[in-house]
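These notes concern the structure reproduced below.
Along the sequence shown, the residues carry numbers beginning at 1.
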Amino acid sequence: MSDMATTEDFIQYVCEQIEGAGTIRYKKMFGEYLVYVDERPTLLVCDNTVYVKNKSFLDGILENPEKGFPYDGAKEHLVLDIEDSEKAKTVAAVIVQNTPMPKRK
């Protein structure tokens, strides 16, 4: 793990790669980013790497994905190949379909 925070250029690239998956926005948190699609937390971007939670509904979509820890103390996540725009869009759409809307505080 490096201590290099995600760049603004990279987070914008991530959002461009999943364009069409829904309404996309991102929020800077602790120097890293959480990408929301249709208001659901979808992608975690740390050190210019895109992570998704390791959920069984992604098993058929991501074959043998790389795994990693986005930050110290985090659970192991799957690393999403953001270069593959079609796959990234599919993953984002499936996460949105399987993630309930966050409850308002």
Side-chain angles (χ1 to χ4, degrees):
M1 293 284 150
S2 66
D3 289 325
M4 175 190 88
T6 296
T7 63
E8 185 77 27
D9 284 346
F10 187 76
I11 193 66
Q12 288 177 353
Y13 172 71
V14 168
C15 293
E16 287 166 15
Q17 288 296 91
I18 61 168
E19 223 167 75
T23 304
I24 300 163
R25 72 178 179 91
Y26 59 88
K27 187 173 178 182
K28 191 168 189 154
M29 292 166 38
F30 316 112
E32 298 299 349
Y33 294 90
L34 187 56
V35 176
Y36 293 83
V37 178
D38 292 340
E39 293 307 311
R40 290 165 176 86
T42 307
L43 307 175
L44 183 59
V45 184
C46 301
D47 297 328
N48 284 352
T49 303
V50 183
Y51 296 91
V52 294
K53 284 187 177 172
N54 193 349
K55 297 287 191 182
S56 59
F57 57 74
L58 293 173
D59 289 351
I61 301 164
L62 297 173
E63 293 91 23
N64 303 318
E66 190 183 325
K67 293 181 176 145
F69 297 91
Y71 53 88
D72 287 343
K75 289 183 177 161
E76 188 176 59
H77 281 57
L78 305 178
V79 175
L80 181 62
D81 176 9
I82 199 65
E83 301 290 317
D84 185 343
S85 180
E86 288 309 309
K87 178 85 69 173
K89 264 185 256 212
T90 299
V91 167
V94 169
I95 291 171
V96 168
Q97 289 164 6
N98 288 280
T99 304
M101 286 294 271
K103 292 177 178 59
R104 291 265 166 239
K105 290 190 171 55

Closest contact, heavy atoms only, Leu44 versus Cys46: CG-SG, 3.9 Å
Are the side chain of Thr6 and the backbone of Glu32 linked by a donor-acceptor contact shorter than 3.5 Å? no
Report yes if some heavy atom in the side chain of Val94 is under 4.5 Å from a heavy atom in the side chain of Phe57; otherwise report no. yes
Quick check: do Val52 and Leu43 have side-chain heavy atoms less than 4.5 Å from each other? yes
Using the rule given for side-chain contact (heavy atoms from CB on, under 4.5 Å), can you reason through Val79 versus Tyr51, listing the C-alpha separation, both sets of side-chain angles and the distance that settles it, and then say yes or no? CA-CA 5 Å; Val79 175; Tyr51 296 91; 3.8 Å; yes
Out of curiosity, Glu19 CD to Ile24 CD1, how far, rounded to the nearest 0.5 Å? 6.0 Å
Given 3.5 Å as the limit, does a donor-acceptor pair link the side chain of Glu39 with the main chain of Met101, or not? no
Candidate list Thr42, Leu80, Asp81, Ile18, test side chain to side chain contact (heavy atoms under 4.5 Å, CB included), partner Val91, passing option: Leu80
If two hydrophobic side chains count as joined below 4.5 Å and joins carry through other members, does Leu62 share a cluster with Val35? yes
Is there a side-chain contact between Tyr26 and Gln12 (heavy atoms, below 4.5 Å)? yes
Rounding to 0.5 Å, atoms CG (Asn48) and CD1 (Ile82) come to a distance of 11.5 Å
Ignoring hydrogens and angles, tell me if any N or O in the side chain of Lys89 forms a donor-acceptor pair with the backbone of Asp84 under 3.5 Å. no
Check: Phe69 main-chain N/O paired with Glu76 side-chain donor or acceptor under 3.5 Å: no
Can you name the nearest heavy-atom pair linking Thr7 to Tyr33, along with the distance? O-CE1, 4.5 Å
Quick one: are Lys28 and Ile11 in side-chain contact, heavy atoms under 4.5 Å? no
Tell me the closest heavy-atom pair linking Ala92 and Val37, and the distance in Å. CB-CG2, 4.4 Å
Does the side chain of Val50 come within less than 4.5 Å of Phe10's, by heavy atoms? yes
Compare all side-chain heavy atoms of Lys67 with those of Asn54 and state whether any distance is below 4.5 angstrom. yes
Would a hydrophobic clustering, with Ile, Leu, Val, Met, Phe, Trp and Tyr connected at side-chain separations under 4.5 Å, put Met29 with Tyr71? yes
So, Asp38 side chain and Arg40 main chain: donor-acceptor pair closer than 3.5 Å or not? no
Is it true that Tyr13 and Glu8 share a donor-acceptor pair across their side chains at a distance under 3.5 Å? no
Look at the side chain of Glu66 and the backbone N and O of Leu78, then say whether any donor-acceptor pair between them is shorter than 3.5 Å. no
Any chain of hydrophobic side-chain contacts (each under 4.5 Å) joining Val96 to Val14? yes
